[in-house]
S.K.: 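Quick one: structure below, then a few questions.
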Protein chains: 4
Amino acid sequence: MISIIAIDLRNPKPIYEQIKDNIKQLIITGALKPDEKLPSVRELAQTTSINPNTIQKAYRDLESDGFIYTVSGRGNFVAPSPKNVDSKRLEELYDILRAAVGELSYLGAAQSNIIEIVQNTISRSRPQGGNKT
Amino acid sequence: MISIIAIDLRNPKPIYEQIKDNIKQLIITGALKPDEKLPSVRELAQTTSINPNTIQKAYRDLESDGFIYTVSGRGNFVAPSPKNVDSKRLEELYDILRAAVGELSYLGAAQSNIIEIVQNTISRSRPQGGNKT
Amino acid sequence: MISIIAIDLRNPKPIYEQIKDNIKQLIITGALKPDEKLPSVRELAQTTSINPNTIQKAYRDLESDGFIYTVSGRGNFVAPSPKNVDSKRLEELYDILRAAVGELSYLGAAQSNIIEIVQNTISRSRPQGGNKT
Amino acid sequence: MISIIAIDLRNPKPIYEQIKDNIKQLIITGALKPDEKLPSVRELAQTTSINPNTIQKAYRDLESDGFIYTVSGRGNFVAPSPKNVDSKRLEELYDILRAAVGELSYLGAAQSNIIEIVQNTISRSRPQGGNKT
DNA sequence: GTGGTCTAGACCACG
DNA sequence: GTGGTCTAGACCACA
């Protein structure tokens, strides 16, 4: 059961993106275990006061990105550890990483600080094991 | 003089954002030095075949973000090292950083790989000195 | 006796369609001979952990398509070679064929490869003889 | 400009799928050339009397499948010949091919007939050249 | 009860 | 003018 889905309507980021980010986070940190059931579209729509169509869009995106899978008539479930990762997505993430680190550094953030956050984030994620380049 | 402004029209990211990212990158890596003159709106519009309004919006944003400053009638120039950094922007960047690292790690990227990229990016940026947390 | 009924719950295709496809395949390839008895609805439901209603719907469809026949109180049996074929179904199949071959070709599949698969499939099917256009 | 988009509301296949199939067909056969502009969402919605949201869904699917690309604020355009083809999609198509050919053969379609249709379809598609397995 | 499809209609960002 | 997002509300297929 998910408890923390925080939506900020004033945030310019689309609602369905915020939902995606939230759920991704829960999956990455292991708060949601593989094959665990996600709240149904309707249920989440009710608890968040977001339109079901918007929730559904977030779920469909998450499915096509391999984070969850859908069983017709049953619901949505957390996908097991990803296998065939889209190399484009990896490059995209590395680009985002470089841009963020570059700007942080330029704005005066201490190197030690950045590295520490990166390491903490890594150690908190990937509770399922499995390595790849 | 700027030579590499790469715009991808197919990219869903707005063009003015792509321009901002490009110029930020040039400033962060020191390819553009403090107080160096940027190409005029008109000039950049011509060389890139982008609508001048779009260029202008990018410049306006960069100015309000403290990356460049405008001298009316003269043109736009690279700002010196930033002083009063918006703490909200820093938090935003840290969030982006955490999300990207988390997802990379989850998708199987090696920790060594991530750390290496972070360190390389840091060492390549901030040629102006000055540290802050 | 049927041994291989592979159901993938994650597949968006309805379960009863998957069952139909499976059984059709077994009939077409001759793994199930004419007048051979199919497992009962109850039995198949048990071995596959699928709702009996779902199995029944698949059987009903297969009967109306002429692949099996039902003897009330006895069970379901493989129909002998089809005689009066629904011409609409044939047109439908030709359309599917054209669409699949067209897309394969467009996506770069070698002509030789496609033809080979088609010929292999033909030679492996229709063990009962009987030709029609 | 597209003229022939035939939608059959009685067809159980979802409308957006019919639209996708139609446009795919036009692209595969070369009726729509690479980089040619597709009708806008609104325009196609009007000429077909289909809701714009439904058209948009079809377009988004086509984009994620690599058949078209979207330029924000400009419209949708036919993608050039596909490069990195999803191997899962190829397998899916081969499966569809096998199933259709198998059933056709079983229903009595002449082998010569099937092969002829396959060859005609291949020769009519892929006007851009380029081979792959 | 679950997700999937579709419509009508609105507002916004972009260029 | 273009696509993108969001809502409200409806109906259907599936299990």
Side-chain angles (χ1 to χ4, degrees), chain A residues 7 9 11-19 37-46 48-61 63 68-77, chain B residues 7 9-19 45 48-58, chain C residues 7 9-19 45 48-58, chain D residues 7 9 11-19 37-46 48-61 63 68-77:
Chain A
I7 305 298
L9 293 178
N11 191 326
K13 185 181 286 192
I15 296 176
Y16 77 89
E17 291 270 15
Q18 295 185 47
I19 298 172
K37 188 176 183 304
L38 295 167
S40 80
V41 170
R42 283 167 171 80
E43 184 186 341
L44 192 51
Q46 220 171 5
T48 57
S49 312
I50 301 293
N51 189 290
N53 289 326
T54 305
I55 308 282
Q56 194 179 27
K57 169 153 189 180
Y59 275 11
R60 294 201 3 154
D61 275 18
E63 182 182 23
I68 68 175
Y69 63 91
T70 301
V71 179
S72 51
R74 296 273 193 97
N76 295 278
F77 303 84
Chain B
I7 304 298
L9 292 178
R10 300 194 199 180
N11 192 325
K13 184 183 288 191
I15 295 177
Y16 78 89
E17 291 265 20
Q18 294 187 47
I19 297 173
T48 57
S49 318
I50 300 291
N51 189 310
N53 295 326
T54 307
I55 310 280
Q56 197 149 37
K57 163 141 194 173
Chain C
I7 303 297
L9 291 179
R10 301 194 198 181
N11 192 325
K13 184 182 288 191
I15 294 177
Y16 78 89
E17 291 265 20
Q18 294 187 46
I19 297 172
T48 58
S49 318
I50 300 292
N51 189 309
N53 294 327
T54 307
I55 310 278
Q56 197 149 37
K57 164 143 192 172
Chain D
I7 305 297
L9 293 178
N11 191 327
K13 185 183 287 192
I15 296 177
Y16 77 89
E17 290 271 15
Q18 294 186 46
I19 298 172
K37 188 177 183 304
L38 295 167
S40 79
V41 170
R42 283 166 171 80
E43 184 186 341
L44 193 51
Q46 220 173 6
T48 56
S49 312
I50 300 293
N51 188 289
N53 289 326
T54 305
I55 309 283
Q56 196 179 25
K57 168 152 193 180
Y59 275 12
R60 297 209 351 161
D61 275 18
E63 184 182 22
I68 69 176
Y69 62 90
T70 300
V71 179
S72 51
R74 296 273 193 96
N76 295 277
F77 303 85

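Chain naming here is simple, since letters A, B, ... match the order of the sequence lines and numbering starts at 1 in each.
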S.K.: Answer yes or no: side-chain N or O of D:Arg42 and base N or O of F:dG3 forming a donor-acceptor pair under 3.5 Å.
M.R.: yes
S.K.: Report the distance from atom CD of B:Glu17 to atom C1' of E:dC14, rounded to the nearest whole Å.
M.R.: 11 Å
S.K.: Which whole-number value in Å describes the distance from A:Glu63 CD to E:dT2 P?
M.R.: 17 Å
S.K.: Measure the CD-CG distance between B:Gln56 and B:Asn51 for me, rounded to the nearest 0.5 Å.
M.R.: 10.0 Å
S.K.: Quick one: is E:dG4 close enough that its OP1 or OP2 comes under 4.0 Å of any side-chain N or O from A:Ser72?
M.R.: no
S.K.: Rounded to the Å, how far apart are B:Asn11 CG and F:dG4 P?
M.R.: 13 Å
S.K.: Can you tell me how far C1' of E:dG3 sits from CG of A:Asp61, to the nearest Å?
M.R.: 16 Å
S.K.: Identify, between D:Arg74 and D:Ser49, the residue whose nearest nucleotide on DNA chain E lies closer to the 5' end.
M.R.: D:Ser49
S.K.: For the atom pair OG1 (D:Thr70) and CZ (B:Arg10), what is the distance rounded to the nearest 0.5 Å?
M.R.: 10.5 Å
S.K.: Within this structure, what is the CG-to-P distance between D:Leu9 and F:dC11, rounded to whole angstrom?
M.R.: 17 Å
S.K.: Return the nucleotide paired to F:dA13: Watson-Crick means purine N1 to pyrimidine N3 with N6-O4 or O6-N4, wobble means G-U with N1-O2 and O6-N3, both under 3.5 Å.
M.R.: E:dT2
S.K.: CZ of D:Phe77 versus C1' of F:dT2: gap in Å, rounded?
M.R.: 10 Å
S.K.: It should be established whether D:Thr54 places a side-chain nitrogen or oxygen under 4.0 Å from OP1 or OP2 of nucleotide E:dT7.
M.R.: yes
S.K.: Contact class for C:Ile50 vs. all strands (heavy atom < 4.0 Å): base, sugar-phosphate, or nothing?
M.R.: nothing
S.K.: Between the base of E:dG9 and the side chain of D:Asn53, is there a donor-acceptor distance below 3.5 Å?
M.R.: yes
S.K.: Would you compute the distance between atom CD1 of D:Ile7 and atom CD1 of D:Ile19 and round it to the nearest 0.5 angstrom?
M.R.: 4.5 Å
S.K.: Rounded to the nearest 0.5 Å, what's the gap from OH on A:Tyr59 to CD1 on A:Ile68? Could you check?
M.R.: 6.5 Å
S.K.: Starting at atom CD1 of A:Ile55, determine the distance to atom P of F:dA8, rounded to an integer number of angstrom.
M.R.: 12 Å
S.K.: DNA chain F: D:Ser40 or C:Ile15, which has the more 5' nearest nucleotide?
M.R.: D:Ser40
S.K.: In whole Å, what is the span from the CD1 atom of D:Ile68 to the C1' atom of F:dT2?
M.R.: 14 Å
S.K.: From D:Thr54 OG1 over to D:Ile15 CD1, what is the distance, rounded to the nearest 0.5 angstrom?
M.R.: 6.0 Å
S.K.: Hey, which of these two, D:Asn51 or A:Asn76, hits DNA chain E nearer its 5' end, going by closest nucleotide?
M.R.: A:Asn76
S.K.: At under 4.0 Å, does any side-chain N or O of D:Lys57 touch on OP1 or OP2 of E:dT5?
M.R.: yes
S.K.: Are any of A:Tyr16's side-chain N or O atoms less than 4.0 Å away from OP1 or OP2 of F:dT5?
M.R.: yes
